[in-house]
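The figures that follow rest on heavy atoms only: side chains count, while hydrogens, waters and symmetry mates do not. Order of the sequence lines fixes the chain letters, A, B, ..., with proteins taken first and strands second; residue numbering starts at 1 for each chain. Keep in mind that this is a model prediction, so the values were computed, not measured.
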Amino acid sequence: MPELPEVETTRRSLEAPLVGRRVTHVVVRDRRLRWPIEPDFERHLTGASIRAVGRRAKYLLVVTDRGTAMIHLGMSGSLVRVPGTTPVVKHDHVDIVLDDDGVLRFHDPRRFGSIHWIDGDPASHPLLASLAPEPSDAAFGGAYLHRITRGRSVAIKHVLMNGQLVTGVGNIYASEALHAAAIDPKTAAKRLSRERCDRLVAAVTATLARAIEAGGSSLRDYVDGAGNAGHFQTESAVYGREGLACPRCGNAIRLLRQGQRATYWCAGCQT
DNA sequence: AGCTCACCCTGCGAGC
DNA sequence: TGCTCGCAGGGTGAGC
């Protein structure tokens, strides 16, 4: 599933084909996503003109003259603009039909994704209102990370993956950023010095930027809005590389379980 | 409030 | 070949 780089790559690839298009028709084949798609979703979106394709954290925002469709890709979702003649396959849950005979197709085998309609300002939607600043935002800096980690005894990796504290970083890039910053993922958040917070923020920002540059990571099935796979997975230093040599110090990369999630790290150079 | 854990769901690869 | 098990990019909410 998509972390911020995959969502941002999807957003960029959809911008040109979608902006200026009008929605002529909406087909929902399965409403059972993380939350059921509201009964009025099709009615709200049909006839709307798309003004912009935005993003907040891992949510895509299809902004129209009538309101905003907020789409989360969950673990296995994709949103692809396909020709209208493209056959529907299993797990193609929603089609947003456009006035150029293209279709914006939402596909999500695991159905951990979600689709909401927002009438007013997206920023005030409950799912977005309490999110942390974007990693690219000036408010997200070493001072911020240092402040929010005081008094928190959880492992720093958990902080990176908590959307209320840091947005856009999921399981792959949490491991990658901690390795880049040479910080042990198990470190209690509150024990990080200000200097290490500076280093970690820089690593998060750089890792996400590099991944966006690579078009995201395609581990199983991720594709962007044009159906293209990313290739960051070939650049990863630790993720998915248990037993292989750490590119920085040569020690064997280890696999550890934090909560229910896998963490890859190097005991040789991450302290 | 912070932390841990279970859970939502399908598919796939490993091991027997 | 066919089974069971464990794991997969995320996020919420219950219960301590």
Protein-nucleotide distance (Met161(A), atom CE; dA8(C), atom C1'), rounded to Å:
12 Å

If you look at every strand shown and take non-hydrogen atoms under 4.0 Å, does Leu255(A) touch a base, only sugar-phosphate, or nothing?
nothing

From Thr68(A) atom OG1 to Arg51(A) atom CZ, the distance as rounded to the nearest 0.5 Å:
10.5 Å

Under the ring pair (Phe, Tyr, Trp, His ring centres under 6.0 Å) test against Tyr173(A), which residue among Tyr239(A), Phe232(A), Tyr264(A) passes?
Phe232(A)

Separation of dC9(B) atom C1' from Arg220(A) atom CZ, nearest Å, is 13 Å

Rounded to whole angstrom units, what separation is found between the CG atom of Leu127(A) and the C1' atom of dT12(C)?
10 Å

Name the nucleic acid region contacted by Ser218(A), choosing base, sugar-phosphate or nothing; use a 4.0 angstrom heavy-atom cut-off, strictly under.
base

Distance below 4.0 Å between Arg111(A) side-chain N/O and dT10(B) OP1 or OP2
yes

Residue pairs passing the side-chain hydrogen bond (donor to acceptor under 3.5 Å, both in side chains) test where at least one lies in residues 152-161 of chain A, sequence neighbours excluded
Lys157(A)-Asn171(A), Lys157(A)-Thr263(A)

Please compare Leu219(A) and Trp35(A) by the position of their nearest nucleotide in DNA chain C and report the one closer to 5'.
Leu219(A)

Quick one: does Arg110(A) reach the base of dC9(B) with a side-chain donor-acceptor pair under 3.5 Å?
yes

What is the distance, rounded to the nearest whole Å, between atom NZ of Lys90(A) and atom P of dC12(B)?
9 Å

Which of these nucleotides, dC7(C), dG11(B), dG10(C), is closest to any side-chain atom of Arg257(A)?
dC7(C)

Assess the residue pair Lys58(A) and Glu3(A) against the criterion (salt bridge (Lys or Arg N to Asp or Glu O under 4.0 Å)); give the C-alpha distance rounded to whole Å, side-chain angles, the decisive distance to 0.1 Å, and a yes or no.
CA-CA 6 Å; Lys58(A) 297 171 191 167; Glu3(A) 301 184 36; 5.3 Å; no

Kindly determine whether His179(A) and Trp265(A) satisfy ring-ring contact (aromatic ring centres under 6.0 Å, His included), including the steps that lead there.
CA-CA 6 Å; His179(A) 178 265; Trp265(A) 70 298; over 10 Å; no

CG of Leu165(A) versus C1' of dT12(C): gap in Å, rounded?
15 Å

What's the CG-C1' distance between Asn162(A) and dG2(B), to the nearest Å?
10 Å

Involving DNA chain C, stems made of at least three consecutive Watson-Crick or G-U pairs, both distances under 3.5 Å
B:2-8 with C:10-16, B:10-16 with C:2-8

Strictly under 6.0 Å, is that where the ring centroids of His93(A) and His107(A) end up?
no

Is the distance from OP1 or OP2 of dG11(C) to the nearest side-chain N or O of His72(A) less than 4.0 Å?
yes

How would you label the contact of Lys190(A) with the nucleic acid (heavy atoms, under 4.0 Å): base, sugar-phosphate, or nothing?
nothing

How close do Pro135(A) and Leu208(A) get, heavy atom to heavy atom, and via which atoms?
CG-CD1, 3.7 Å

Could you tell me if Thr271(A) and Asp184(A) have a donor-acceptor pair between their side chains, going purely by distance under 3.5 Å?
no

What nucleic acid atoms does Phe232(A) come within less than 4.0 Å of, heavy atoms only: base, sugar-phosphate, or nothing?
nothing

Could you measure the distance from the CZ atom of Arg241(A) to the CG atom of Leu255(A)? Nearest 0.5 Å is fine.
13.5 Å

Output yes when Glu242(A) and Arg254(A) qualify as a salt bridge under the 4.0 Å nitrogen-oxygen rule, no when they do not.
no

For dG10(C), is there a stacking contact with Phe112(A), counting only centres under 5.5 Å and planes under 30°?
yes

Taking NZ from Lys58(A) and C1' from dT12(C), how many angstroms apart are they, rounded to a whole number?
14 Å

Figure out the CG/P separation between Leu73(A) and dC8(B), and round it to whole Å.
22 Å

Distances under 3.5 Å between nitrogen or oxygen atoms of protein and nucleotides 3-7 of chain B:
from   : atom 1 : to        : atom 2 : distance (Å)
dC3(B) : OP1    : Ser153(A) : N      : 2.5
dC3(B) : OP1    : Ser153(A) : OG     : 3.1
dC3(B) : OP1    : Val154(A) : N      : 3.1

